[in-house]
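Here's the structure we're looking at; comments come further down.
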Amino acid sequence: MLTMTEPAKGKRKPGAGRPKGPTPRRKTIAAFKGSEPFEEWFDGLVEHCRIPASSVIELALIVFAKQEGYEPEPPKR
C-alpha cells in the first residue's frame, strides 16, 4: 500500500522566489531609534491603522511633505 508524504515545511522548490539580480530591488532608506513609550505608541498606531508599519511611515512622510509645501510627487516605493 502506498502512502503520500507531505513535503518538508520550510523547503522551497529550486528556482522559487524572486530572480536574483545584481542589486536588491529595495534597500533600507532610513531607520530610527526611540524610547520604549514611543515604541508602544507607534505599535498602537500601527495596530489602529491596520496597515504595516512601513506604510504608516510612508503615508506620514507624504502628508508631512504636502503640509510643508514640498511639490514633487512621491514615486512608487
Residue pairs passing the side-chain hydrogen bond (donor to acceptor under 3.5 Å, both in side chains) test where at least one lies in residues 52-64, sequence neighbours excluded: Glu58-Arg77
Over all atoms of both residues, closest heavy-atom pair of Val46 and Ile51: CG1-O, 3.3 Å
Path from Phe32 to Val63 over hydrophobic side-chain contacts below 4.5 Å: no
Whether over 12 other heavy atoms sit under 6.0 Å from Glu68 CD: yes
Counterpart residues, salt bridge (Lys or Arg N to Asp or Glu O under 4.0 Å), relative to Glu40 (two or more places apart): none
Closest heavy-atom pair and its distance - Ile62, Pro74: CG1-CG, 3.7 Å
Heavy atoms of other groups near Gln67 CD, more than 12 under 6.0 Å: yes
Worked verdict on Val56 versus Leu45 for side-chain contact (heavy atoms from CB on, under 4.5 Å): CA-CA 8 Å; Val56 170; Leu45 176 62; 3.8 Å; yes
Residue pairs involving residues 41-77 (criterion ring-ring contact (aromatic ring centres under 6.0 Å, His included); sequence neighbours excluded): Phe38-Trp41
